[in-house]
**Student:** 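The following block contains the structure, expressed as structure tokens.
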Amino acid sequence: MFEIESKDQDIIILSTKTTSIKFDLASETIDANLEVGKIVGPGEFEIGEVAIRGIAVKDGKTIYDAVMNNVHVGIIGAVDDALALDELGISDVLCTSSVRAVREIEPKVVVAMGNIDGMVMDLKVAARAEKKLKVKSLESLPATLDVVALA
């Protein structure tokens, strides 16, 4: 089981029983209180039980695929570059403000970042508000698209 929370539209925090990892899309950093400091840029990392793949996109930004308990969490913010989305691949949970990314990737759960009202209008779905999104397993995710606004 793990939790996803957001402090503002540019920050996603993934927490397991042993690890807490903060993805800051504005500063392009990953902070997990490691001795080496913050991780910047693309690459492959393992932090606790979380496998992370940072993918470079055309405007110098980095998007992330984090895997825990066989659940892929895509953290992309507003990026909707087709090549980057192809490289990201399957995301069961997608943290984004891009309607195009939601339509192309087809996640089971969207953690809405940014303009939530515009996203739910374009996708024609309702959003539910939560403090944290708790994910027990891949099987526990809904069969149809679920949009969650973290506050």
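Remember, it's a predicted structure, so these values are computed and weren't measured experimentally.
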**Student:** If you look at every heavy atom in A84 and V79, which pair is closest and at what distance?
**Tutor:**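 It is CB-CG1, 4.4 Å.
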**Student:** Is any side-chain heavy atom of N69 closer than 4.5 Å to a side-chain heavy atom of S137?
**Tutor:**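 The answer is no; the side chains never approach within 4.5 Å.
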**Student:** Under a 4.5 Å side-chain heavy-atom rule over Ile, Leu, Val, Met, Phe, Trp and Tyr, are I105 and L141 clustered together?
**Tutor:**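 In one cluster with I105: L141, no.
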**Student:** Nearest 0.5 angstrom please: L25 CG to I30 CD1, how far?
**Tutor:**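 Answer rounded to 0.5 Å: 9.5 Å.
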**Student:** If you link ILVMFWY side chains whenever their heavy atoms are less than 4.5 Å apart, which other residues fall into the same cluster as I13? By chain and number, please.
**Tutor:**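 Members besides I13, by chain and number: I11.
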**Student:** Has R53 got a side-chain atom pairing as donor or acceptor with L88's backbone, closer than 3.5 angstrom?
**Tutor:**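 At least one qualifying donor-acceptor pair exists.
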**Student:** So, E28 side chain and T62 main chain: donor-acceptor pair closer than 3.5 Å or not?
**Tutor:**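 Yes: the side chain of E28 pairs with the backbone of T62.
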**Student:** Between atom CD of E3 and atom NZ of K132, what is the distance when rounded to the nearest 0.5 Å?
**Tutor:**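 The distance works out to 4.5 Å.
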**Student:** Specify the closest pair of heavy atoms between D10 and A26, including all atoms of both residues, with the distance to one decimal.
**Tutor:**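 For D10 versus A26, the nearest heavy atoms are OD2-CB, 3.7 Å.
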**Student:** Write out all pairs satisfying side chain to side chain donor-acceptor pair (under 3.5 Å) with one or both partners inside residues 70-87, taking only residues at least two apart or from two chains.
**Tutor:**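 Of all non-adjacent pairs touching residues 70-87, those that pass side chain to side chain donor-acceptor pair (under 3.5 Å) are D65-H72.
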**Student:** Side-chain heavy atoms nearer than 4.5 Å, only ILVMFWY residues, links allowed to pass through others: does that put V57 and V73 together?
**Tutor:**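 As far as the 4.5 Å side-chain criterion goes, V73 and V57 are not connected within one cluster.
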**Student:** Using the side-chain contact (heavy atoms from CB on, under 4.5 Å) rule, take L94 and I76 through it: C-alpha gap first, then chi angles, then the decisive distance, then the call.
**Tutor:** CA-CA 8 Å; L94 185 63; I76 66 171; 4.0 Å; yes
**Student:** Can you give each donor-acceptor pair under 3.5 Å made by side-chain atoms of residues 38-50, sequence neighbours left out, with the distance rounded to 0.1 Å?
**Tutor:**
| unit_1 | atom_1 | unit_2 | atom_2 | d |
| --- | --- | --- | --- | --- |
| E49 | OE1 | T18 | OG1 | 2.7 |
| E49 | OE2 | T16 | OG1 | 2.4 |
| E49 | OE2 | T18 | OG1 | 3.2 |

**Student:** Do L85 and M119 belong together in a cluster built from hydrophobic side chains that touch within less than 4.5 Å?
**Tutor:**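 Looking at the clustering, M119 is in the same group as L85.
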**Student:** Does Y64 have any ring pair (Phe, Tyr, Trp, His ring centres under 6.0 Å) partners at least two apart in sequence or in another chain, and if so, which?
**Tutor:**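 Applying ring pair (Phe, Tyr, Trp, His ring centres under 6.0 Å) to Y64 gives F23.
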**Student:** Calculate, to the nearest 0.5 Å, the distance between atoms CD and OG belonging to E104 and S91 respectively.
**Tutor:**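 The distance works out to 12.0 Å.
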**Student:** Indicate whether the side chain of S27 and that of T29 have a donor and an acceptor atom separated by less than 3.5 Å.
**Tutor:**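 Indeed, the side chains of S27 and T29 share at least one donor-acceptor pair under 3.5 Å.
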**Student:** Please output the side-chain donor-acceptor pairs of residues 106-116 that fall under 3.5 Å, not counting sequence neighbours, one pair per line with the distance.
**Tutor:**
| unit_1 | atom_1 | unit_2 | atom_2 | d |
| --- | --- | --- | --- | --- |
| N115 | OD1 | D117 | N | 3.4 |
| N115 | OD1 | G118 | N | 2.9 |

**Student:** May I have the list of side-chain donor-acceptor pairs in residues 144-151 shorter than 3.5 Å, sequence neighbours left out?
**Tutor:**
| unit_1 | atom_1 | unit_2 | atom_2 | d |
| --- | --- | --- | --- | --- |
| D146 | OD1 | R128 | NE | 3.3 |
| D146 | OD2 | R128 | NE | 3.0 |
| D146 | OD2 | R128 | NH2 | 2.7 |

**Student:** How many angstroms lie between CD1 in I55 and NZ in K61, if you round to the nearest 0.5 Å?
**Tutor:**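 Going from CD1 on I55 over to NZ on K61, the span is 15.0 Å.
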**Student:** Hydrophobic cluster membership, with links at side-chain heavy-atom distances under 4.5 Å among I/L/V/M/F/W/Y: are L14 and V67 in one?
**Tutor:**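 In one cluster: no.
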**Student:** Count the heavy atoms belonging to other residues, nucleotides or ligands that lie under 6.0 Å from CE of M1, then report whether that count exceeds 12.
**Tutor:**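 Check passes, neighbour count above 12.
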**Student:** Do I90 and L138 share a hydrophobic cluster (ILVMFWY, side-chain heavy atoms under 4.5 Å, transitive)?
**Tutor:**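 Result: no, two separate clusters.
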**Student:** Between CZ of R100 and CG of D122, what distance do you get to the nearest 0.5 Å?
**Tutor:**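 Reported to 0.5 Å precision, the distance equals 14.0 Å.
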**Student:** Could you state the interatomic distance from CG (N33) to NZ (K22), rounded to the nearest 0.5 Å?
**Tutor:**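 One gets 9.0 Å once the value is rounded to the nearest 0.5 Å.
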**Student:** side-chain contact (heavy atoms from CB on, under 4.5 Å) between D31 and I21: does it pass, once the steps are laid out?
**Tutor:** CA-CA 6 Å; D31 188 359; I21 304 169; over 6 Å; no
**Student:** Are side-chain heavy atoms of S97 and Q9 found at a separation under 4.5 Å?
**Tutor:**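 S97 vs Q9: side chains apart.
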